[in-house]
Amino acid sequence: MVKKYENLYINGQWVKSGSGDIHDIINPATGDVAVQIPMSGEDDVIRAISAARAAFTAWSQTTAQERSDYLNAIADEMDKRADDFSRALTLTLGCPKSVAPWLQVAGNSNGFRNYAKRAFHMERVDKRDGFKVVKEPIGVCTLINPWNYPLGQLTGKLAPALAAGCTVVCKPAEQTPLQDIIMAEIVDKIGLPAGVFNLILGEGAVLGPTLCGHEYVDMVSFTGSTRAGVYISQYAAPTIKRVTLELGGKSPYIITEDADLESAVRDCVAKVMMNTGQSCNAPTRLLIARSRYEEAVAIAKEAAEKASAADPNKDCTHVGPMSTERQRQTVLGYIETGIGEGARLVTGGAEMPEGLERGAYVRPTIFADVSNDMTIAQEEIFGPVLCMIAYDGIDQAVAMANDSQYGLSSHVFAKDEEAALAIATRIRAGQCFIQGGSFNGEAPFGGYKQSGNGREWGEEGLHEYCEIKAIIS
Ligand code: NAD
């Protein structure tokens, strides 16, 4: 029996959608309907924005202690609902059940706790010569998220917005609304004041113009494709809203000639295959000194073959299906393009993984003999596909790393940390992981160039939701 969700969450109430439309969410592991959700109409969006606007005056004037208490209460409830979050991720995203708890769920409640502490930063007064500078919440925020890390992306926006004193309208991706529905249940349970958190569900392309263009909205925070980011910026432009964008990436991973090749290549392959290749910061361009190229290809091949795609409900699966059949077709299209452009298919390819007959699966794929100007090296594939590129000299490696429309993330593995740091400072990207470093929820996250603008997480994540006021005497 398919579970059917009936309601949106607007102004502290569970309400029926005005459109009456129902959307089937497909389980990507099987192709069967997983759950059904209501789709919001434009009237629902306007109701949600109006509720957020009405709630803003009181919420923005709560004390930091009050907001901090609410955020900590949300965190405690999130811990109690951790299994529900994980199950939802396996069902709708196909995230393996052995992976979802640590990759997608753990850490988010602490994200809320960290912003519970940062709520007090809103009360700091910066006294300067003849004037004071204070921070105030920007207002009503629309939070639009994609499907790849739906809970993490919600936390990275919602926790700082609430800590700052903003009110919000959340719109998750069509494929993965369940974490936002669970979050609505949580805020309802802890008694967050009505209108502070509102949830609408539906298609971004349909709801976007109102969600991002309405006069009552002060800020839009978006994660997703560069294509949608451009539309969102256009909807927001006539009313001069603040827009923060976390967009795509094609991140480089430079391994120097004298580095520990085995550790570095394995680290890169693991990060590409993580979340079945659906990470915007995945290091999908591996840059290797020509003298060690074939050695690196052999290590990558072995690592990718160990990571074969399988049923996400099996205990030992690390790579599941793509999020949707549409995403699978996109990735297979890029694999065909890579072969057509003359790249060497080392392992993987467009066939279904062995032992699987249905589901949106793609084989972990490694391409060698890739040049940085090929389509597969320039466009975001968003699947378990790694491109290996040879370089002659570190200056060429840095130049190729920077030769991309994107600048979200980057990696350097050198002989030692000092050597890696010297290269890290030359790369145009919002993050650089050195010597195998991995995601840190306290570090600011965001892109240079067409990977977006603004930062999420950490202290910088709070600043995005603030206005600055100078009080002059
Ligand atoms: P998308 O950008 O179309 O969707 C992401 C979110 O934006 C969803 O909630 C969607 O409903 C909404 N949206 C879409 N068009 C909108 C519009 N015109 N106005 C307002 N909201 C809109 O992404 P997708 O189709 O789910 O994935 C396509 C590609 O995006 C992927 O292949 C990948 O390259 C990229 N992507 C990047 C990230 C990231 O974290 N940076 C995440 C997911 C997808």
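Both ligands and their constituent atoms are indexed starting at 1 by order of listing. FYI, side chains are in, hydrogens and waters are out, and symmetry mates aren't considered; it's all heavy atoms of this structure.
Ligand 1 lies within reach of Pro172, whose nearest heavy atom is under 4.0 Å from it. Within the 4.0 Å heavy-atom shell around ligand 1 one does not find Tyr149. Residue contacts with ligand 1 include Gln153, since one of its heavy atoms falls under 4.0 Å from the ligand.
Comparing Lys250, Glu380, Arg326 by heavy-atom distance to atom 33 (C) of ligand 1, the nearest is Glu380. Between atom 44 (C) of ligand 1 and the options Tyr231, Phe382, Tyr406, the minimum heavy-atom separation is to Phe382.
Considering backbone and side-chain atoms together, Thr223 places no N or O closer than 3.5 Å to any N or O of ligand 1. Between Glu203 and ligand 1, no pair of N/O atoms sits closer than 3.5 Å. For the pair Cys280 and ligand 1, the shortest N or O to N or O distance does not fall below 3.5 Å. Between Gly204 and ligand 1, an N or O atom pair is found at a separation short of 3.5 Å.
The pair Glu215-Arg53 fails the salt-bridge criterion, with no side-chain N (NZ, NE, NH1 or NH2) lying under 4.0 Å from an Asp/Glu carboxylate O. Salt bridge Arg242/Glu467: present, at least one basic N to carboxylate O contact under 4.0 Å. Between Lys301 and Glu305 there is a salt bridge, since at least one side-chain N of the basic residue sits less than 4.0 Å from a carboxylate O of the acidic one. Taking the charged nitrogens against the carboxylate oxygens, Lys271 and Asp267 do have a contact shorter than 4.0 Å, which makes a salt bridge. Salt-bridge formation is detected for the pair Asp32/Arg358: a Lys NZ or Arg NE/NH1/NH2 atom is positioned less than 4.0 Å from an Asp or Glu carboxylate oxygen. With salt bridges taken as basic N to acidic carboxylate O contacts below 4.0 Å, one links Arg118 and Glu459.
Side-chain contact, Tyr361 with Thr276: no donor N or O sits under 3.5 Å from an acceptor N or O. Under 3.5 Å, the side chains of Glu341 and Thr375 contain a donor-acceptor pair of N or O atoms. For the 3.5 Å distance criterion, the side chains of Glu42 and Thr210 qualify, holding a donor opposite an acceptor.
In this structure, Leu211 CG and Cys170 SG are separated by 10.5 Å, a value rounded to the nearest 0.5 Å.
Counting heavy atoms under 4.0 Å from ligand 1, residue Asn145 touches it through the backbone alone. When heavy-atom distances to ligand 1 are checked against a 4.0 Å cut-off, Glu174 comes that close only through its side chain, counted from C-beta outward. Residue Tyr235 touches ligand 1 through its side chain alone, judged by heavy-atom distances below 4.0 Å. Contacts between Ile232 and ligand 1, counted as non-hydrogen atom pairs separated by less than 4.0 Å, involve the side chain only.
Within ligand 1, counting atoms from 1 as listed, the ones closer than 4.0 Å to a heavy atom of Arg227 are 1 (P), 3 (O), 25 (O). Interface of Pro146 with ligand 1, defined as ligand atoms under 4.0 Å from a residue heavy atom, comprises 5 (C), 42 (C), 43 (C). Close approach of ligand 1 to Ala205 is summarised as follows: ligand atoms under 4.0 Å from at least one heavy atom of the residue are 15 (N), 16 (C), 17 (C), 18 (N). Set against the non-hydrogen atoms of Glu246, the atoms of ligand 1 under 4.0 Å away are 41 (N). Interface of Gly208 with ligand 1, defined as ligand atoms under 4.0 Å from a residue heavy atom, comprises 19 (N), 20 (C).
Looking only at protein heavy atoms, the nearest one to atom 42 (C) of ligand 1 is Asn148 OD1, 3.2 Å. Closest protein heavy atom to atom 32 (O) of ligand 1: Gln327 NE2, 3.3 Å. Looking only at protein heavy atoms, the nearest one to atom 26 (O) of ligand 1 is Trp147 NE1, 2.4 Å. When hydrogens are left out, the protein atom nearest atom 7 (O) of ligand 1 is Phe222 CE1, 3.1 Å; that is the closest non-hydrogen contact. At the top of the distance list for atom 12 (C) of ligand 1, counting protein heavy atoms only, stands Ile144 CG2, 3.8 Å. Among protein heavy atoms, atom 41 (N) of ligand 1 sits closest to Leu247 O, 2.6 Å. For atom 15 (N) of ligand 1, the closest non-hydrogen atom on the protein side is Ala228 CB, 3.6 Å. The nearest protein atom to atom 29 (C) of ligand 1, hydrogens excluded, is given as Ser225 CB, 3.8 Å; this is a heavy-atom distance.
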task = Test side-chain hydrogen bond (donor to acceptor under 3.5 Å, both in side chains) on Ser409 and Asn281 and set out the steps.
result = CA-CA 5 Å; Ser409 186; Asn281 60 352; 5.0 Å; no

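Of the residues Cys141, Cys212, Ser233, the one that meets the side chain to side chain contact (heavy atoms under 4.5 Å, CB included) test with Val220 is Cys212.
In this structure, Lys250 and Arg285 have side chains that are in contact, with non-hydrogen atoms separated by less than 4.5 Å. When side chains are defined from C-beta on, Gln179 counts as touching Leu89, because their heavy atoms get closer than 4.5 Å.
Partners of Tyr70 under the ring pair (Phe, Tyr, Trp, His ring centres under 6.0 Å) rule, at least two apart in sequence or in another chain, are Trp59.
Below 30°, between 30° and 60°, or above 60°: for His411 and Phe433 the angle between ring planes is below 30°, a parallel geometry.
Within 4.0 Å of atom 4 (O) of ligand 1, not a single protein heavy atom is present.
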